Every structure is written in C-alpha cells, then in structure tokens.
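Reminder, nothing fancy here: chain letters follow the sequence lines and each chain counts from 1. All values reported here derive from a predicted model rather than from experimental measurement.
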Amino acid sequence: MLDLRHIRDHPEQVRRAIRAKQLPEALAALDALLLADEGRRLARADLEAKQAVRNAASKEIGARKRRGEGAEELMAQMTEVSSEVKRLEDRDASLAEQIDALLLEIPNLPHESVPYGESEHDNVVVAEHGERATADGALPHWDLPLARRLFDLEAGVTLTGAGFPVARGAGARLVRGLAAYFLDRLARAGYEEIIPPLVVNAASATATGQLPDKEGQMYGVTGGFYLIPTSEVPVTNLHRGAILDEDALPLRYCAFTPCFRREAGSHGKEVRGLNRVHQFDKVEMVQFTRPEESYGALESMTETAEALLVELGLPFRRLLMCTGDMGFTQAKKYDLEVWSPGQERWLEVSSISNMEAFQTNRLGTRARSGGAAGRGRTGPVHTLNGSALAFPRTIAALLETGQRPDGTVELPQVLHEFVGSNVLA
RNA sequence: GGAGGGUUGGCUGAGUGGUUGAAAGCGGCGGUCUUGAAAACCGUUAGCGGGCUCCGCCCGCUCGGGGGUUCGAAUCCCUCACCCUCCGCCA
C-alpha cells in the first residue's frame, strides 16, 4: 500500500496513477479514503484531549491516595470522562479499520519511466536478443511424442485434474538440472538460497498483495492457509515487521519452489500443453534495497535473468510493461518472453518488478543504519522480485528449439553437466 | 493429545493496580582524559500516530496479539498465538 501521508499530500497524483493503471474502481476508494482520513484526524483531536484529561486526573488521584487524602469526587468525575473516552476510542478504531481496508484498494504508482497504455498491446519491446529460428516444420511441444512422455498431462488429470503435469524420467531430471543450474548462477550473483514453506497464512498473502482482491487466484487449504502462487510471497514476508540493517542492504534471496495458481477459466490454444498449468516450478529472485538503489537493482535483476536465457541459447525479448498492463502492486515491470519456434509465438518466462515501498508498507518493514539497535530514524525499504526463470515455458521452448528429426531433443551445452546428458530421449 | 512454566526496550533482566514508557547491566552514540587506543568517568540511547510558534516542543498509543475489570493495568480476568520442560504418540 501507499503511505497514507503521501496520498493525503498528493491526491491528484494518486488519481492520475489510478487512471493510468486502468483501475477506475479505485477512484471511489480514494475519495472515501481521503474523507475517512480527514474525519479520523478531526476525531482524534477530540479523543486525545479527553485521554489527556483522564491521564492527568489518574495521576492526581494516585498522588492524593499516597498522601492519604480522599479523591472520591475526582474519581466520580472521571467515570464519565472514561466512558466518553471509550466511546471515542471505539469510533476511532472503526475509522482506522475503514482506512486500512481502503488503503488496500489503492494501487501502486507507476514510475515516471513507465509508458502510458491501456492494455498489453501498449507494452514496449525494449530489446530483442538472439536469432529466431525460421519455422522449418518445428512442432509445438504438445505434438512432440517425447515431450508428451516426459511431461505427462494425461497422468496429471488422473491424479488431480487438468493442468497438473507429471514430470517423469528425463523430464524430471531436466527439472532438477534446470533448478540446480539456475540456483548456482544466482548464488554466484550474490543471492542467498531459501527453501520456504509452500503454505502461507492470510497476513503473508495480504502483505505481498495477493489478498484481499486476488484470493480467487490462489488455492486455499484447511486452516485458513494458502498454497503459494509464487515464492515471492514467503520470501518477501521473511522480514515482515522488522527493522533491517540499512548497511546490510541490498538483501538478495532466491528460491526454487513449486507455484500453485488456479488460473480459473483459461482454456484454448494459448494454454495448451505446458503454456499454462496450475502447478509449476519456478526459481524466484527477491531483493530488499535502499530506495535510491531499487531501479539499479531492477536493471541488474533483469540482466541476471536475461543472462540465463542467453546461456540456454533461447532467443528472447524484453518488454517494458505499460501502465495499464502492469498490475496492482508494481511501480515498474519488465517481462521476458522466449521464442517458441513450434508455436511461432513469444512465451512469457519471467517478470521482474520493482514494488518500491508498496509491499514494505504492508509488511511493516523499515531500515536503519545499525538495524533495530541502531540510531536515527527508520527509513523506507524497497522490494523487487523476478523470475529466473519459470520452468514450464522455458522447458517448452527448450523442447521445441532442440527437437531433432529422430524425435530426440538436443540440450544446450550449459545444461549438459546439470542434466547428465547432451540429449533428451 | 495430557500437565506445568514462560513471552518486558537492540540484548540480559527487574517490576503483582497509582509520577513505570518502564530499574540495573550490556551494547550503541556523544564527551572528558590520552600522542593514539584501552580503561575510568559524565551524558545520552524505543517505535508509531497527530499537532504546533516545527532544526525543537507538546499530546496520544504501544511491556507477544485481541478483549474485559478499574478513576487508573506491564501488573487482575478472558481469549488467541508462539516458546520452554515433562509424559504420551509418530518418525
């Protein structure tokens, strides 16, 4: 969420941002929020004055009692003041609750470098890398017998339902190899590896922005928990409610986990095969940075993910997302899309975003030199996250790119040691 | 699953209804002393919100979370979470 004081001081900027993000329904929330905030501050002046009276009188009563004097009259007067305080406190609490709820409805502000746009058609291709193989009869992965065997969607239907592929044999080995390869590369780039819980509570899901509005995209489990839609959720929540040591920033984390997404109502060609599934593996990067360093970190995270695609020999392009296609929590976001020769289209394999302080405001995460025991005021912290990379579409591209007439698939050199062979067969 | 104990400021740890937002020690910061450092000594040292005559002052909230009793709660009651010990169970 945005800082309430910032909203209060720059309501027009927030209004423009909401429009740019194509989220007009948030305009009403903003108006209601400004009203409630004003009302609460007025009410608080009342409340605090009454509290001050009560506190002073309580001290006086204490002093008199210690001197052995009576204080019945004062105590009688305070009965009334106290019930008035209670009444005002209740009103304040309900206003606060209202404000908190409205605050969650206000999206993040787009960074000034983000182009205005209404939909995905307005995203900007900022770079393209690698030679796209010309369509020489390359098959989409769902038509490759080998791919169907290594990533068995039929078996998944039996076990669970559509969209839960079963990786087997060399396919399972490929997943394990990719994970090891990605994690090794990120370790070298300074990312600490995390194995987080795959189930989180509502507070965690709220802090990173999945709740309250995107509950339908997650799988809930008994106990009020949710299966993680991305390891961004548990990893970012690692520092919920904490004061970080500013001198230790940036903190860089990576995690290899399955991700669970309902993706309700998606059907058709775009979601065939491995293009969109309900459970998939992903290696994620998360950073906590100083505010002035977060945009540098966004570039370097993006370059880290791109380097993986270069090494895998997969042609890709980088898109700068426009205001309208960016999402609720992001200030700036790049997507990396890999070329799928069998489908002759681009597939999104990574999304790298700067959330600025939007998540840390919800998390209650601050930073200060010396950490919690340090001196001086606490300052804001920015968070970023990005995939490096999402597995199913990366695998789809690898299978389609490496396919050979004999039905086997050639692997890029960089994977040979991790997978233990040069070809999938 | 059963029984008991606990959760206080960056840390250790006092504190069972009244100037306690919280003793003391450690750590941190500033200073005195010193060629420098250490030691010693003096001072200082929470977060959040609001207000103002805004380089500082004032008010309020916060002693695991929430609720209650009371003129007044870190202190009493209820509830939830977490931690520890013992027993059981599982591996």
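Atoms CE (A/M78) and P (B/rG18) sit 19 Å apart, rounded to a whole Å. The distance from atom CD of A/Q51 to atom C1' of B/rU62 is 12 Å, rounded to the nearest whole Å. In this structure, the CZ atom of A/R5 is 4 Å from the P atom of B/rG49, given to the nearest Å. Remark: P of B/rG60 and NZ of A/K59 are 8 Å apart, rounded to the nearest angstrom. Taking atom CZ on A/R40 and atom P on B/rC61, their separation rounds to 13 Å, with Å as the unit. Put simply, CZ on A/R54 is 6 Å from P on B/rC61, counting in whole angstrom units. The nearest whole Å value for the distance from the CG atom in A/L42 to the P atom in B/rG60 is 19 Å. At whole-Å resolution of the value, CD in A/E80 and P in B/rG72 are 13 Å apart.
At a cut-off of 3.5 angstrom, the base of B/rG49 holds at least one donor-acceptor pair with the side chain of A/E48.
Dashed line: the shortest gap from a side-chain N or O of A/K86 to OP1 or OP2 of B/rU69 is under 4.0 Å. Phosphate contact (OP1/OP2 of B/rC71, side-chain N/O of A/N55, threshold under 4.0 Å): absent. Note on A/R41: a side-chain N or O is less than 4.0 Å away from OP1 or OP2 of B/rG51. Applying the 4.0 Å criterion to OP1 and OP2 of B/rG28, one finds that A/R368 has every side-chain N and O outside that range. A close approach under 4.0 Å does not occur between any side-chain nitrogen or oxygen of A/T378 and OP1 or OP2 of B/rG47.
B/rC29 and B/rU34 have their P atoms separated by 22 Å, given to the nearest Å. With both ends at atom C1', the span from B/rG21 to B/rG60 equals 13 Å, rounded to whole Å. Comparing the P positions of B/rG9 and B/rG65 gives an interatomic distance of 10 Å, to the nearest angstrom. Rounded to a whole angstrom, the distance from the C1' atom of B/rG15 to that of B/rG28 is 25 Å. Taking atom P in both B/rG6 and B/rA14, one finds a spacing of 12 Å when rounded to whole Å. Rounded to whole Å, the P atom of B/rU70 lies 28 Å from the corresponding atom of B/rA81. As rounded to the nearest Å, B/rC83 and B/rC78 have P atoms that lie 23 Å from one another. B/rA74 and B/rA46 have their C1' atoms separated by 16 Å, given to the nearest Å.
For the residue pair A/R240/A/N237, the side-chain donor-acceptor check at 3.5 Å is satisfied.
Residues A/V53 and A/I61 both approach RNA chain B. Their nearest nucleotides, taken by heavy-atom distance, put A/V53 toward the 5′ side.
A/V286 has its side chain within reach of A/N385: a pair of non-hydrogen atoms, C-beta onward, lies under 4.5 Å apart.
Here A/L74 lies out of heavy-atom contact (under 4.0 Å) with every strand. Counting any heavy atom pair closer than 4.0 Å across all strands shown, A/A52 reaches sugar-phosphate atoms only and no base atom.
The shortest heavy-atom contact between A/R173 and A/G420 is NH2-CA, 4.1 Å.
In this entry B/rC76 has B/rG68 as its Watson-Crick or G-U wobble partner, both defining distances falling under 3.5 Å. Pair assignment for B/rU32 gives B/rA40, based on Watson-Crick or G-U wobble hydrogen-bonding distances that are each under 3.5 Å. B/rC82 is paired with B/rG6 under the Watson-Crick or G-U wobble criterion, all donor-acceptor distances under 3.5 Å. When both distances must be under 3.5 Å, the Watson-Crick or G-U wobble mate of B/rG56 is B/rC52.
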With ring pair (Phe, Tyr, Trp, His ring centres under 6.0 Å) as the test, would you mind laying out the steps for A/F182 and A/F391 before giving the verdict?
CA-CA 10 Å; A/F182 291 158; A/F391 281 43; 5.5 Å; yes
Apply side chain to side chain donor-acceptor pair (under 3.5 Å) to residues A/T329 and A/N108 and explain how you reach the verdict.
CA-CA 5 Å; A/T329 62; A/N108 202 357; over 6 Å; no
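Ring-plane geometry between A/F418 and A/Y181 is classed as tilted, the angle between the planes lying from 30 to 60 degrees on a 0 to 90 degree scale. Between A/H278 and A/Y219, the ring planes are perpendicular. Angles over 60° get that label, and only those under 30° would be called parallel.
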